[in-house]
Amino acid sequence: MYSGSSTQVNSRPASQTRQSSMDDEGWQRRRNMYRRESNMSEASFMTDVEMAHDEVFSGPMSESVPTATSAFSHRRSRADSNASFAFYDDELDENFDAEDAFPEDEFPEEAVLDEEEEDEEIERERERQGSVRSLGVEDTFVEPELDGFQDEESQSESRPSFASSRKSSGTSRTSRGSRSSRRSAEAPLLKRHTSNGSENSGQGRGGRTNQKIYILTEDMTIVVAGFKTSLFGFVLYICMCVLTGGVGYLVLRWLPKWYVRVISRSTPLGQCDWVVIENLWGEMILQDLSKKVFGHSLSAVFGYNEKSKFREYDEYDDPILDELRILDYRYIRFCYHPVKDKFVLGNTWKDPNWTDVAAVREGIDTEEAENRERIFGTNEIDIKQKTTGQLLLDEAFHPFYVFQIASLVLWSLDEYYYYAACIFLISAVSVTTTLVETKATMKRLRDISRFECDIRVLRGGFWRYVESSELVPGDVYEVTDPNLGQFPCDSLLLSGDCIVNESMLTGESVPVSKTPASDETLELLNLSSSSMHPDVAKHMLFSGTKIIRARRPQDDKSDEAAALALVVRTGFNTTKGALVRSILFPKPSGFKFYRDSFRYISVMASIAAVGFIASLINFIRLGLHPGLIIIRALDLITIVVPPALPATLTIGTNFALQRLKSKLIFCISPQRVNVGGKIDVMCFDKTGTLTEDGLDVLGVRVVSRPANRYSDLLTDSSSLLPGGQYERDPTIDYNANKAILYTMATCHSLRIVDGEFIGDPLDLKISRRGPERPSGGEDEEDNSLTPSVARPPPGMEFDIDEEEHSPNSRRPIELGVLKSFEFVSQLRRASVIVRQFGEKSGDVYVKGAPEAMKDICKPESFPPDYDELLAYYTHRGFRVIACATKHIFKLNWLKVQKMKREEAESNLDFMGFIIFENKLKERSAEVIAELTEANIRTVMCTGDNILTAISVARECGVIDRSAHCFVPHFVEGDARTPLSKLVWESVDNPVYTLDEHTLQPLPPPAEHDSSLPYDVSNLRNYSVAVSGDVFRWVVDFASPKVLANLLVIGQVFARMSPDEKHELVEKLQSIDYCAGFCGDGANDCGALKAADVGISLSEAEASVAAPFTSRVFDISCVPEVIREGRAALVTSFSCFKYMSLYSAIRFTSVSFLYATASNLGDFQFLFIDLFLILPIAIFMGWSGPYPELSKKRPTASLVSRKILTPLLGQIVLCIVTQLIGWLIVRQQPWYQPPVLDKGHSNSTNSENSTLFLLSCYQYILSAVVLSVGKPFRQSMAHNLPFVITLLVDLAITSYMLFDPAPWLYNLMQLTWMSQGFRIFVLTLGVGMFGVSYLAERQVFPRLAKWVGTFNQRFRGKEKKRKGYKVVLEDMRVL
């Protein structure tokens, strides 16, 4: 693997490569050369994938926010691959080193080549001029160095690899070409040699003006462009603002790209005063640079180059930095590197002196602390809060409110004072409410994230108390300070030991033990990597995690002894800071409804523009006053685009949020509620989600020696190892029983704090089954090097197997744990080295996953039916833990401490199984059945054994009990080998298999006797279960077709790491699934955030990263979220259609009245908006979700024919209705025409009265037509406030039509009309309601379908279908 090498890429387009790769035959020929989503590499696949496998760590750093990209970030496509940036030119920057896309300190060796190599490379460059293209950042992807080491130089035929010569940089880009092309890309960065091509390399004459940066930990790409304010441009801007009366200011505020182009000039990054930052989602901000006088060396900010470690110090390589230029974006700090002419991440810095623990314990002096505070900032997670004035300004200058203000001014000029005053009051209340909620939310988040306390710190050789905000990287502080309840920063434990609760990061409230770091730990510490090496994580104290117990070092008896920690990251650079950032800046959901709604508004605005022009011409023809002409014409725009439209779009969502809250389901991302209505597939974690949190110990199956057979199920400790000699069967050797009992007593993570055991729930369950007291206790506090000790309970202190008169017969059983190797997820086991008090020999006890035992145990120690018994229990949903041991004859303390894990966990004797029962939660099967009935696919994604997972999946209904479930296994190679071969066999009958290229069932052999329930007739109804290693191989090396087929038929994904869960969700989304994920928060944070709808069942702080959190800890929340999402989605569409129809009705009324220079009256407008539209729009969204989930899903596209066809049809019917009323009233003998007043509009006329009353019926009855009920919402009859509102409005309108009181008659400026005509108006309104209702339910849906068919035939292009549906259809055809 190459260290950050930029290389030549194949010029063949990716799309063609991907298309051709679908050819299975060609893929088989080439898959030994290619990975999915990558190009050729000279690196060995064996080495690459082995390293990728070895550093899968499910520790806090990889499980915590902001992303779970820790182990497999290189497998996923770069998020910025298709992003377009306003201030970045890919072609100009093509020749820049691709390193620009990555955090600087991840690739420190790239900065400057060795001088001897430079001349050689330049010569080669001249020979290759124009022949190769350097790798642009858009073609780059990130690959972590996962075994802790990487090559110092690129691997080539003539030069060997130095893979083990130095520490990893954490991530690396895999080489995709020759070493020469890598150097060609690096050449432009060399400042000592000028290249002819530098002017075309994206770099201006004075240096580069823009830079693309990929922030690995945030999975985000940004572009930074430097600018200075132009005096001429600024003056021009001021003039524009003044001359346009502030309109220019508003336009440029809303369009920052134009603003930048007007007032600034592009400037090299090293000279600019401010920058424009744009991310891949198109969000753009202008940010001032912070400039500080510095006067220290470059290495003080950026650390040392890796190569410079092996060279003597040279001032030329480490110049003095006079000025420090700092850029803070979303609380991520970048520092400008003057030599490399770019901004680099500041949170990856590691002090070059952090190599020796003894030296590090000396701390730093005050001057150095002040210097580092200037560089890294204070140790505060302090969210900047805008002042009330700023929030008010932001809200008031939003386009929606600006439009409202303009409308208010317009209405006031038109003497609509009452109407303007009421709308102003409503807007003011809305702004105030938003302001109060925003301030409260920010204050709540600020209170949660902010932490301050006094810390005892070693500065300049003296201990002193400082505020926690003053801590800087390199400080040494005391952990055992009784005032310290949680860690203020990310730090390494240097001495003493701690037990901490890391639920803030992992969502799992299991205490974790921390031990002192060593020199090797400091060497492995890599702050630029998104993952944390497991050998570092067990010494790392993460910010925000709570201290359960901290103890001073036991080997130091002095009064000054204390547990010490080294500060390595502070403020927002810490893991807690990353968590807060993920809450503050969530990724956009990608839901198009709101974008489409504003697109539709723009179309309506263009219609208003046409009406504006028509009205203008008509008013000029009528000779009206110019002022009245302008006001009337502009008023038409406010009618077509109602100011209340954006607010009504959120009504359904707000009601849904309230209903979810009443069911103890909380949401931090309201937009995700609507997304919940589109869920296609729902992924579930198993343990704690589908099944109960706790496991019950069913019993133990011990291997009896020498028969090498399993014992019966031993359900308690007394049957496992009887306490009396007379109780024991003389034909049984109880040594294996004793070994399992000792394993249960010693091999665990339990600790005693305040007299109570704390630790992993599984270990707690085991400990309660054993008679021995688990190791650990308060007596450890007083013993320096005395190990943790396990003792039996009273009455069982002595080993009855000892000879009666031997010296050991009266010696109590005391098992001292000399060394423990903690559980590591990729090894799937834990072990301890134990010695009985007084003995010179010792034992190793190991427990872990049964699959992990075959590699470390003697083959002869396994019973012949090992696999059969394991399958028996796992098939039935039991969780199985295997135990093994070995005896070490000569053992001393020094030998134990030097013993490596590989040595301890080898050549073991298998002892037996501990079997646990994991019960389904009460609602799991019921909910899965409900989702399946609603055609929502369910998938299980768990870290448990695959057979156990299949059993639970069948029990809860994720997999059909009568259907075949196929499980793949490697028959050639393994997960790290590109040419591996998989066989997909039925878990129930291996005779049935799948085709390895299509995953389609193969016919069974002719001689096989098929029998139900797993016969040939059920072969079409089958599913697939895969383990994490197979999933990894399919993603990396299998054809895209196999991957796509696996994604659509895979029901169970077992032995999945947190990152593989994350990746599974992303892969499902890549074939157009709208994917949800429900987990208990433990290890699921990445998947919960990646999913379109993530639902956490945990109360821990880490769960706030999920959009939804349920306080009812079962999956009943999932259908609730989907139901509410569907209801909210339909409500949003209904409200939008209603508001659009309201605009069309009013636009029609006003347009007819404008023909004779008339208009609606002030109180008529007021009545329509406040008494009709507002309550109807609000209560329309009050309807709850339909109790049953339909197989049909609501449409999510506003511009679809299903939405627009009925809407346009309703608009046409409304226009026709008003046209009939307008024409008929003009023919009446009592018709009172409008009086033409060139200065004012006359509202008292027959046309006005007719259209006003008729439109009132339309407003009311249209709500009934558009109020959608079954299958997504409850019927209108269940919405009592809505029904009452409609009845009251109908009563008032009918009262005004037939017999209004004189005061109301005058207030509404009505005119007299005959009784017969009044009945005609009522009949017309109600009759057209019947036509509209029938058309909405029967005619328009068919018309929309016909429009779609016609559109396809006319365009000759089929409708784009979702990717997973295409895959499923292809599988059915085969």
- Query: Which ring-ring contact (aromatic ring centres under 6.0 Å, His included) pairs, counting each pair once, include a residue from residues 654-682, with sequence neighbours left out?
  - Reply: F655-W1182

- Of all residues at least two apart in sequence or in a different chain, which pass the side chain to side chain donor-acceptor pair (under 3.5 Å) check with T948? none

Go through the structure and list residues passing salt bridge (Lys or Arg N to Asp or Glu O under 4.0 Å) with [X], not counting sequence neighbours.
{"X": "E1188", "result": "none"}
{"X": "K1137", "result": "E1336"}
{"X": "R937", "result": "none"}

Atom [atom1] in [X], atom [atom2] in [Y]: separation rounded to 0.5 Å?
{"X": "S1183", "Y": "H1278", "atom1": "OG", "atom2": "NE2", "result": "9.5 Å"}
{"X": "S1110", "Y": "I1115", "atom1": "OG", "atom2": "CD1", "result": "11.0 Å"}
{"X": "L947", "Y": "R879", "atom1": "CG", "atom2": "CZ", "result": "14.0 Å"}
{"X": "L657", "Y": "C667", "atom1": "CG", "atom2": "SG", "result": "5.5 Å"}
{"X": "L994", "Y": "Q1000", "atom1": "CG", "atom2": "CD", "result": "8.5 Å"}
{"X": "L999", "Y": "F966", "atom1": "CG", "atom2": "CZ", "result": "10.5 Å"}

Polar side-chain atom of [X] near backbone of [Y] as donor-acceptor pair, under 3.5 Å:
{"X": "Q1274", "Y": "G1269", "value": "no"}
{"X": "E933", "Y": "K1191", "value": "no"}
{"X": "S1039", "Y": "V1042", "value": "yes"}
{"X": "S1134", "Y": "L1266", "value": "yes"}
{"X": "R961", "Y": "E955", "value": "yes"}
{"X": "R1055", "Y": "G943", "value": "yes"}
{"X": "R1273", "Y": "V1268", "value": "yes"}

Which pair of heavy atoms, one from [X] and one from [Y], lies closest together, and at what distance?
{"X": "V927", "Y": "S1116", "result": "CG2-CA, 3.8 Å"}
{"X": "I946", "Y": "A1054", "result": "CA-CB, 3.4 Å"}
{"X": "L1129", "Y": "N674", "result": "N-OD1, 3.4 Å"}
{"X": "P968", "Y": "L982", "result": "CB-CD2, 4.3 Å"}
{"X": "F1113", "Y": "L1097", "result": "CD2-O, 2.8 Å"}
{"X": "L1088", "Y": "F1077", "result": "CD2-O, 3.5 Å"}

Are [X] and [Y] side-chain neighbours, meaning at least one heavy-atom pair lies under 4.5 Å?
{"X": "L690", "Y": "I928", "answer": "yes"}
{"X": "K1362", "Y": "D680", "answer": "yes"}
{"X": "V1118", "Y": "I1095", "answer": "yes"}
{"X": "I1122", "Y": "L1189", "answer": "yes"}
{"X": "T653", "Y": "T1131", "answer": "no"}
{"X": "V939", "Y": "M682", "answer": "no"}
{"X": "I1203", "Y": "F1136", "answer": "no"}
{"X": "I936", "Y": "R1193", "answer": "yes"}

- Message: Between L1043 and V1035, is the side chain to side chain contact (heavy atoms under 4.5 Å, CB included) condition met? List the steps.
- Response: CA-CA 6 Å; L1043 175 61; V1035 169; 4.0 Å; yes

- Query: Given the rule in the side chain to side chain contact (heavy atoms under 4.5 Å, CB included) test, do C965 and V1024 qualify, once you have shown the distances and angles that lead to the verdict?
  - Reply: CA-CA 5 Å; C965 180; V1024 166; over 6 Å; no

- After noting the C-alpha distance and the side-chain angles of K1365 and D1072, does the key distance pass the salt bridge (Lys or Arg N to Asp or Glu O under 4.0 Å) rule? CA-CA 9 Å; K1365 291 184 177 179; D1072 300 327; over 6 Å; no

- Task: Carefully, step by step, assess D685 and K1061 under the rule salt bridge (Lys or Arg N to Asp or Glu O under 4.0 Å).
- Result: CA-CA 9 Å; D685 180 36; K1061 291 180 182 180; 3.3 Å; yes

- Message: Show me the pairs that pass salt bridge (charged side-chain N to carboxylate O under 4.0 Å, His left out) and involve residues 1114-1132, at least two apart or across chains.
- Response: R659-E1124, K663-E1120, K663-E1124, E930-R1123, E1120-R1123

Using the side-chain contact (heavy atoms from CB on, under 4.5 Å) criterion, which residues pair with [X]? Sequence neighbours excluded.
{"X": "S951", "answer": "none"}
{"X": "V1366", "answer": "R1361, D1370"}
{"X": "T691", "answer": "K686, T687, N918, L920, V952"}
{"X": "E283", "answer": "N279, W281, R330, P588"}

- Given L1064 and F1031, is the side chain to side chain contact (heavy atoms under 4.5 Å, CB included) satisfied, shown in steps? CA-CA 9 Å; L1064 172 63; F1031 176 72; 4.0 Å; yes

- Go through the structure and list residues passing ring-ring contact (aromatic ring centres under 6.0 Å, His included) with F1272, not counting sequence neighbours. none

- Task: Sequence neighbours left out, what passes ring-ring contact (aromatic ring centres under 6.0 Å, His included) with F878? Give chain and number order.
- Result: Y873

- Message: Using a strict threshold of under 4.0 Å (side-chain N to carboxylate O), is an ion pair present between D1092 and K678?
- Response: no

- Quick one: do M1056 and E1063 satisfy side chain to side chain contact (heavy atoms under 4.5 Å, CB included)? Show the steps, please. CA-CA 10 Å; M1056 298 283 278; E1063 190 167 12; over 6 Å; no

